[in-house]
K.L.:
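Sharing a structure here in structure tokens format.
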Amino acid sequence: MMRPSDIAFRLYLVALFTFVFLPILTSMVFSLNSDRFPTVPLGEFTTHWYETAFSRPEVWTAFGNSLIVAVCAAALSTALGFVTAYTDFRYGFRFKPAYLALALLPPTIPLVIMGLAMLAWLGRLGISGTLSGIVVAHTVMGAPFAMAICRLRLSQMDPALEAAAWNLGASQWRAMRAVVIPFCLPALVSAYCLTAAVSFDEFIVAWFVSGLNKTVPVMILEILQGNVDPQINAIGTVVFLTSMALVIVAQLLILRKTNA
């Protein structure tokens with residue numbers, strides 16, 4: 001017989017997941033509803049809103065922009081996150097706490113402030129309103145997440161492994177390629193998937209710096225400013241499923257490497 005505390009904990013989990021996912025599931029249901037407005041009872045099953053949304057060239061352009069930005073930002077975030085995590089793992093130096101605090105700072109900054117700062121900085125660099133500018137902004141936001149995942153994996157590695165490779169004649173770069181990177185590969189793939197999902201979903205900073213190169217979240221806002229459009233439910237469902245697929249892959253890799 002379950003204890004009252006176990007029952008309460010399970011009820012809490014059910015309530016939590018219901019609170020988080022019920023609005024998303026409702027949006028998915030209405031994306032397949034023939035009625036224009038989200039009302040109950042539902043109308044007939046239809047894929048009309050998907051067909052209408054994805055027949056618009058600007059939707060495909062926005063998805064293409066989001067894909068390019070996510071792929072590039074995830075690659076840069078993963079590389080920077082790995083380098084930062086390895087520096088923390090391997091070296092000790094005087095201002096290391098300040099170095100780590102600075103590396104982990106972006107997620108703690110309000111997104112509106114981050115967007116305004118990025119707009120001003122990228123404007124000075126001459127890349128505001130370009131896809132390159134969005135990639136830079138999303139890289140700054142994603143690198144701390146990649147660092148956390150890579151650092152977790154590195155904490156499981158025996159530091160003597162790399163030292164043994166050095167003693168056997170390997171250079172630091174050879175030891176990195178033959179020992180450290182293979183050991184961290186699941187974490188690198190996991191970090192890539194997670195930061196790609198963060199970039200694909202991010203709206204506020206992209207809205208500040210995107211200019212005419214709209215990503216999917218920015219385009220959704222523009223559609224919503226006109227009127228209630230069921231195409232939003234269709235586009236949002238595709239975005240959600242894409243992001244969830246990336247997060248699930250990342251989580252599976254994290255669990256795999258943790259249990260390895």
K.L.:
Search all heavy atoms of Met141 against all heavy atoms of Val205 and return the closest pair with its distance.
P.N.:
SD-CG2, 3.7 Å
K.L.:
Would you kindly confirm whether Leu111 and Val218 end up in one hydrophobic cluster when ILVMFWY residues are joined by side chain heavy atoms under 4.5 Å apart?
P.N.:
yes
K.L.:
Would you say Phe93 has more than 12 foreign heavy atoms packed within less than 6.0 Å of its CZ?
P.N.:
yes
K.L.:
Look at atom CH2 of Trp60 and say whether more than 12 heavy atoms of other residues, nucleotides or ligands are closer to it than 6.0 Å.
P.N.:
no
K.L.:
Apply the test side-chain contact (heavy atoms from CB on, under 4.5 Å) to residues Trp49 and Asn233: give CA-CA distance (whole Å), side-chain angles for both, the deciding distance (0.1 Å), then the verdict.
P.N.:
CA-CA 8 Å; Trp49 306 119; Asn233 294 327; over 6 Å; no
K.L.:
Going only through I, L, V, M, F, W and Y residues with side-chain contacts under 4.5 Å, is there a path from Leu105 to Ile113?
P.N.:
yes
K.L.:
Check whether any side-chain N or O of Ser27 sits under 3.5 Å from a backbone N or O of Pro23 as a donor-acceptor pair, and report yes or no.
P.N.:
no
K.L.:
Name the orientation class of the two ring planes belonging to Phe240 and Phe21 (parallel below 30°, tilted from 30 to 60°, perpendicular beyond 60°).
P.N.:
perpendicular
K.L.:
Which of parallel (below 30°), tilted (30 to 60°) and perpendicular (above 60°) describes Phe54 and Phe63?
P.N.:
tilted
K.L.:
Should we count CZ of Arg174 as having more than 12 external heavy atoms under 6.0 Å?
P.N.:
no
K.L.:
For the side chain of Trp207 and the backbone of Pro217, is there at least one donor-acceptor N/O pair under 3.5 Å apart?
P.N.:
no
K.L.:
Taking all heavy atoms of Met147 and all of Ala85, pick out the closest pair and write down the distance.
P.N.:
O-CB, 3.7 Å
K.L.:
Is the NZ or CZ atom of Arg153 both under 6.0 Å from the centre of the six-membered ring of Phe183 and within 45° of that ring's axis?
P.N.:
yes
